[in-house]
Amino acid sequence: MSLCINPTFTCPSKAFCIEEMSSLQFCQLSFFYRQITIRMPNPKDISIAKFLVGPFSHDLLPFNMGSKKRMEQLILDNGYYENVYFRCRLYIMRCACQEEDDINPCGAMLIRISKIDRSFGILFLAIRDDFQKKYLSTIFLSYAVKLAQEEHADSLQLCTTKKGIIPYMNFGFISEEKTPLEWKKLSVEDRIEFLKAKILNRNLILRFKLPDVRNMMREQLYRALFEYNK
């Protein structure tokens, strides 16, 4: 598929839902409309390790990635980590609006792909406080969907805090404890209360092949590309 990234491209958010759009093409889309770069780190980024494991992470990184030494090793390995059971990849985000001496990323995401059942999950996703309310999480989630599609997964899992419940729900995530039909029968208020009542198990799933979910993703991506500064 050859994606035309130009101002006459009628509906990039609709094209996003086409599985043939690759993760690379999505990166081109994000850069064209938002001047956002998403990539894996390399050894030249070693100085950002302290930032990634500091207050930015809100102590939400997996225990085996939460120390400066471990993060430095992950960066030296170009963002890759692998064991017998799964593969992990670290992605960092940068906006063109950042000052040249601002070396830290505006966002970071750690994904995990199971070698056993090929399940795809987000272990960690965070956006800097000074870049909140710019739909950058939506850009990252959309990119994760593209990566999951390339791994032939049909869903995306993550665990959220109370703060992330509404944004993730708006994107199409539902509780893993409910079927799509059961979730649909709940009001928005009941869904929020159901998840807030959970202390440790706020596991969400995005079944991105379902038509209703595709519509929600497309709407959120449209806002991220065109309405973020309104």
Shortest non-hydrogen separation from [X] to [Y] and the atoms involved:
{"X": "Met93", "Y": "Leu136", "value": "CE-O, 3.6 Å"}
{"X": "Gly107", "Y": "Ile127", "value": "CA-CD1, 4.0 Å"}
{"X": "Arg94", "Y": "Asn104", "value": "NH1-O, 3.7 Å"}
{"X": "Ala153", "Y": "Lys209", "value": "O-CE, 4.3 Å"}
{"X": "Val213", "Y": "Phe208", "value": "CG1-CA, 3.8 Å"}
{"X": "Met40", "Y": "Asn78", "value": "CE-O, 3.4 Å"}

Whether [Y] and [X] form a salt bridge (side-chain N of Lys/Arg under 4.0 Å from carboxylate O of Asp/Glu) is what I want to check.
{"X": "Arg89", "Y": "Glu82", "answer": "no"}
{"X": "Asp212", "Y": "Lys184", "answer": "yes"}
{"X": "Lys68", "Y": "Glu72", "answer": "yes"}

Taking side chain as C-beta onward, heavy atoms only, is [X] less than 4.5 Å from [Y]?
{"X": "Tyr91", "Y": "Leu147", "answer": "yes"}
{"X": "Leu110", "Y": "Arg112", "answer": "no"}
{"X": "Ser57", "Y": "Leu52", "answer": "no"}
{"X": "Phe32", "Y": "Ser30", "answer": "no"}
{"X": "Gln35", "Y": "Cys95", "answer": "no"}
{"X": "Lys134", "Y": "Arg34", "answer": "yes"}
{"X": "Leu90", "Y": "Met71", "answer": "yes"}
{"X": "Pro43", "Y": "Ile75", "answer": "no"}

Please determine whether side-chain contact (heavy atoms from CB on, under 4.5 Å) holds for the pair Leu225 and Ile139, giving the CA-CA distance in whole Å, both sets of side-chain angles, and the decisive distance to 0.1 Å. CA-CA 8 Å; Leu225 295 177; Ile139 298 291; 4.2 Å; yes
Does the pair Ile174 and Met169 meet the rule for a side-chain contact (heavy atoms from CB on, under 4.5 Å), with working shown? CA-CA 6 Å; Ile174 71 172; Met169 279 178 41; over 6 Å; no
If you count the non-hydrogen atoms of other residues, nucleotides and ligands that lie under 6.0 Å from CZ in Arg207, is the total more than 12?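 Yes, enclosed.
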Listing request: all salt bridge (Lys or Arg N to Asp or Glu O under 4.0 Å) pairs with a residue in residues 40-65, at least two apart in sequence or in separate chains.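 Matches after skipping sequence neighbours: Arg39-Asp45.
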Distance, nearest 0.5 Å, that separates [atom1] of [X] from [atom2] of [Y]:
{"X": "Ser175", "Y": "Phe194", "atom1": "OG", "atom2": "CZ", "answer": "4.0 Å"}
{"X": "Asn170", "Y": "Arg223", "atom1": "CG", "atom2": "CZ", "answer": "7.5 Å"}
{"X": "Gln28", "Y": "Met21", "atom1": "CD", "atom2": "CE", "answer": "9.5 Å"}
{"X": "Cys97", "Y": "Phe131", "atom1": "SG", "atom2": "CZ", "answer": "4.5 Å"}
{"X": "Glu227", "Y": "Gln220", "atom1": "CD", "atom2": "CD", "answer": "10.0 Å"}
{"X": "Tyr168", "Y": "Leu141", "atom1": "OH", "atom2": "CG", "answer": "5.5 Å"}

Side-chain polar contacts of residues 156-167 - donor-acceptor pairs under 3.5 angstrom, sequence neighbours left out - could you list them?
unit_1: Gln157; atom_1: NE2; unit_2: Ser155; atom_2: OG; d: 2.8
unit_1: Thr161; atom_1: OG1; unit_2: Lys163; atom_2: N; d: 3.4

Which pairs count as ring-ring contact (aromatic ring centres under 6.0 Å, His included) when at least one residue sits in residues 40-62, sequence neighbours excluded?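 Sorted result for residues 40-62: Phe51-Phe56.
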hydrophobic_cluster_shared for [Y] and [X], side chain cutoff 4.5 Å:
{"X": "Tyr33", "Y": "Phe171", "result": "yes"}
{"X": "Phe120", "Y": "Tyr143", "result": "yes"}
{"X": "Tyr85", "Y": "Leu74", "result": "yes"}
{"X": "Leu210", "Y": "Trp183", "result": "yes"}
{"X": "Ile122", "Y": "Val53", "result": "no"}

Heavy-atom donor-acceptor pair, [X] side chain to [Y] backbone, under 3.5 Å:
{"X": "Lys178", "Y": "Leu186", "result": "no"}
{"X": "Arg118", "Y": "Glu151", "result": "yes"}
{"X": "Asp117", "Y": "Ser119", "result": "yes"}

Test side-chain contact (heavy atoms from CB on, under 4.5 Å) on Thr37 and Cys27; report intermediate values, then the result. CA-CA 7 Å; Thr37 302; Cys27 284; over 6 Å; no
Determine whether Glu219 and Asn215 satisfy the following criterion, side chain to side chain donor-acceptor pair (under 3.5 Å), listing intermediate values before the conclusion. CA-CA 6 Å; Glu219 180 180 341; Asn215 289 336; over 6 Å; no
